[in-house]
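The figures here come from the full heavy-atom set of this structure, side chains too, leaving out hydrogens, waters and symmetry mates. Remember, it's a predicted structure, so these values are computed and weren't measured experimentally. Along the sequence shown, residues carry numbers from 1.
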Amino acid sequence: MEYTLNCNGRLLDLSTPQVMGILNVTPDSFYADSRQQTETDIALRTKQILREGGSIIDVGACSTRPGSEPVTEAEEMERLRFALAIVRREAPEAIVSVDTFRPDVTRMVVEEFGVAIINDVSEGADAKMFRMVARLGVPYILMSVQPTMREMLLHFAREVDVLRSYGQKDIILDPGFGFGKTLEQNYEVMREMQQLDMLHLPVLVGISRKSMIYKLLDMEPSQALNGTTALNAIALTKGASILRVHDVKEAVECVTLVERLGNSV
């Protein structure tokens with residue numbers, strides 16, 4: 001299915017899947033090589049994402065790795081102000097999303113830095129967050145922590161109805177790989193992921209170097225690029241519109257190859 005997102009008045013066409021590059025400004029993200037904290041590192045990563053073909057830069061300042069303790073709201077805001085100022089300086093026209101579960105952080109990044117997309121990885125529907133994104137008029141990524149496709153579809157349907165009641169327009173669904181699911185459940189959700197099409201909304205898949213790959217293959221996250229690419233290809237065939245990744249170049253190549261295969265059938 002073909003979708004578009006209204007990103008600060010510019011339409012992002014999802015008829016060809018897009019790649020979202022991860023820019024972490026945290027000291028404790030699960031994949032050590034993804035941590036960028038200095039001004040130089042943030043600037044280089046910003047340019048790298050765009051140079052390698054990423055169309056969205058996803059900035060995160062509060063780690064959501066299993067077992068981590070969220071930083072305070074004040075600390076998250078401080079980190080984001082520092083990072084977003086650099087991103088805007090280096091790439092003023094870039095489409096930027098922010099990975100946060102806090103409504104007040106959401107308001108700050110949209111109003112102060114023109115962030116175009118909010119990527120919410122909270123563990124449940126938050127009416128305050130729903131009202132905030134609807135008021136701000138930005139596309140919203142809604143993640144699920146449900147362990148089965150059946151439960152996921154039920155919860156997504158209810159949450160989308162609530163968001164629509166507040167006036168939210170652009171909604172992207174994230175199956176939440178690695179959140180609230182066992183290793184086996186992650187793969188079961190991926191096997192059934194095409195069922196999300198019945199909700200008629202674009203789907204984001206974020207499996208980059210996650211434990212569902214490196215634990216199954218008995219390796220470290222640093223060794224999980226090949227597995228990530230394999231699962232990204234499968235996700236694309238099952239309807240993913242956005243891939244959220246650490247390794248942008250490889251993901252863009254994956255999109256190109258899968259799209260060519262589809263166009264050749």
Side-chain angles (χ1 to χ4, degrees), residues 3-26 29 31 33-62 64 76-102 105-121 132-133 136-141 143 169-172 174 202-206 208 232 240-256 259:
Y3 304 101
T4 58
L5 299 178
N6 185 343
C7 300
N8 292 332
R10 179 169 31 147
L11 288 182
L12 179 62
D13 184 3
L14 301 182
S15 59
T16 297
Q18 301 297 305
V19 174
M20 171 187 283
I22 297 167
L23 197 169
N24 282 324
V25 289
T26 60
S29 295
Y31 177 41
D33 288 352
S34 74
R35 304 168 190 166
Q36 285 88 29
Q37 291 183 273
T38 71
E39 180 176 353
T40 298
D41 287 344
I42 293 167
L44 288 174
R45 177 60 176 163
T46 297
K47 291 186 230 181
Q48 180 189 29
I49 290 171
L50 298 176
R51 183 178 68 250
E52 294 184 354
S55 54
I56 307 167
I57 301 171
D58 189 52
V59 183
C62 180
T64 55
E76 185 182 7
M77 284 187 178
E78 183 179 346
R79 290 177 182 178
L80 285 169
R81 284 190 171 106
F82 175 71
L84 290 170
I86 299 165
V87 172
R88 282 295 178 224
R89 183 191 72 203
E90 298 297 326
E93 300 304 315
I95 295 174
V96 178
S97 66
V98 162
D99 183 343
T100 187
F101 56 89
R102 291 169 167 144
V105 173
T106 293
R107 183 181 64 248
M108 184 275 288
V109 298
V110 173
E111 293 181 349
E112 294 185 20
F113 294 96
V115 164
I117 301 170
I118 294 299
N119 182 13
D120 184 358
V121 294
M132 180 64 73
V133 291
L136 295 168
V138 291
Y140 178 62
I141 300 169
M143 194 191 78
K169 294 181 174 59
D170 288 331
I171 302 169
I172 305 102
D174 177 356
V203 174
L204 176 147
V205 168
S208 184
N232 276 337
S241 294
I242 302 172
L243 298 178
R244 180 181 182 272
V245 300
H246 299 96
D247 307 281
V248 173
K249 177 177 178 290
E250 291 79 1
V252 170
E253 291 173 351
C254 185
V255 169
T256 300
E259 285 291 286

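The distance from the CZ atom of Arg10 to the CG atom of Leu5 is 11.5 Å, given to the nearest 0.5 Å. Atom OH in Tyr3 sits 13.0 Å away from atom CG in Asp13 (nearest 0.5 Å). Asp58 CG to Ile95 CD1: the interatomic distance, rounded to the nearest 0.5 Å, is 12.5 Å. Rounded to the nearest 0.5 angstrom, Arg45 CZ and Leu50 CG are separated by 10.0 Å. Tyr140 OH to Asp174 CG: the interatomic distance, rounded to the nearest 0.5 Å, is 10.5 Å. Note that the CG atom of Leu84 and the CE atom of Met77 stand 12.0 Å from one another [nearest 0.5 Å].
The side chain to side chain contact (heavy atoms under 4.5 Å, CB included) search around Thr46 returns Leu23, Ile42, Ile57, Val87, Glu90, Ala91, not counting sequence neighbours. A search for side chain to side chain contact (heavy atoms under 4.5 Å, CB included) contacts involving Glu253 returns Lys249, not counting sequence neighbours.
Electrostatic pairing of Arg244 and Asp99 counts as a salt bridge here, judged by a charged N lying under 4.0 Å from a carboxylate O.
The shortest distance between side-chain heavy atoms of Ile172 and Ser241 does not fall below 4.5 Å.
Closest non-hydrogen pair, Thr16 versus Glu259, comes out as OG1-OE1, 4.0 Å. When every heavy atom of Asn8 is checked against every heavy atom of Gly114, the shortest pair comes out as ND2-O, 2.7 Å. Between Ile171 and Pro202, the shortest heavy-atom contact is O-CD, 3.5 Å. Pro17 approaches Val255 most closely through the heavy-atom pair O-CG1, 3.6 Å. Heavy atoms only, all atoms of each residue included: Ser208 and Asp247 are closest at OG-OD2, 4.3 Å. Closest non-hydrogen pair, Asp120 versus Met143, comes out as O-CB, 3.5 Å.
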TODO: Output, in order, the C-alpha distance, side-chain angles, deciding distance and verdict of side chain to side chain contact (heavy atoms under 4.5 Å, CB included) for Ile141 and Ile242.
DONE: CA-CA 11 Å; Ile141 300 169; Ile242 302 172; 5.6 Å; no
- [ ] Walk me through it: do Gln48 and Arg51 pass the test side-chain hydrogen bond (donor to acceptor under 3.5 Å, both in side chains)?
- [x] CA-CA 5 Å; Gln48 180 189 29; Arg51 183 178 68 250; 5.6 Å; no
Open item on the list: Apply side chain to side chain contact (heavy atoms under 4.5 Å, CB included) to residues Gln18 and Leu204 and explain how you reach the verdict.
Closed with: CA-CA 9 Å; Gln18 301 297 305; Leu204 176 147; over 6 Å; no
TODO: Before giving the answer on side chain to side chain contact (heavy atoms under 4.5 Å, CB included), spell out for Ile56 and Leu12 the whole-Å C-alpha distance, their side-chain angles and the decisive distance to 0.1 Å.
DONE: CA-CA 10 Å; Ile56 307 167; Leu12 179 62; 3.8 Å; yes
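By the 6.0 Å contact criterion, CD on Glu93 is open, its count of non-hydrogen atoms from other residues, nucleotides or ligands being 12 or less.
At distances below 3.5 Å, not a single donor-acceptor pair connects side-chain atoms of Arg81 with backbone N or O atoms of Glu112. Put simply, the side chain of Asn232 never gets that close to the backbone of Cys254: no donor and acceptor are under 3.5 Å apart.
Val59 pairs in a side chain to side chain contact (heavy atoms under 4.5 Å, CB included) with only one of the listed residues (Asn119, Val115, Val109, Val96), which is Val96.
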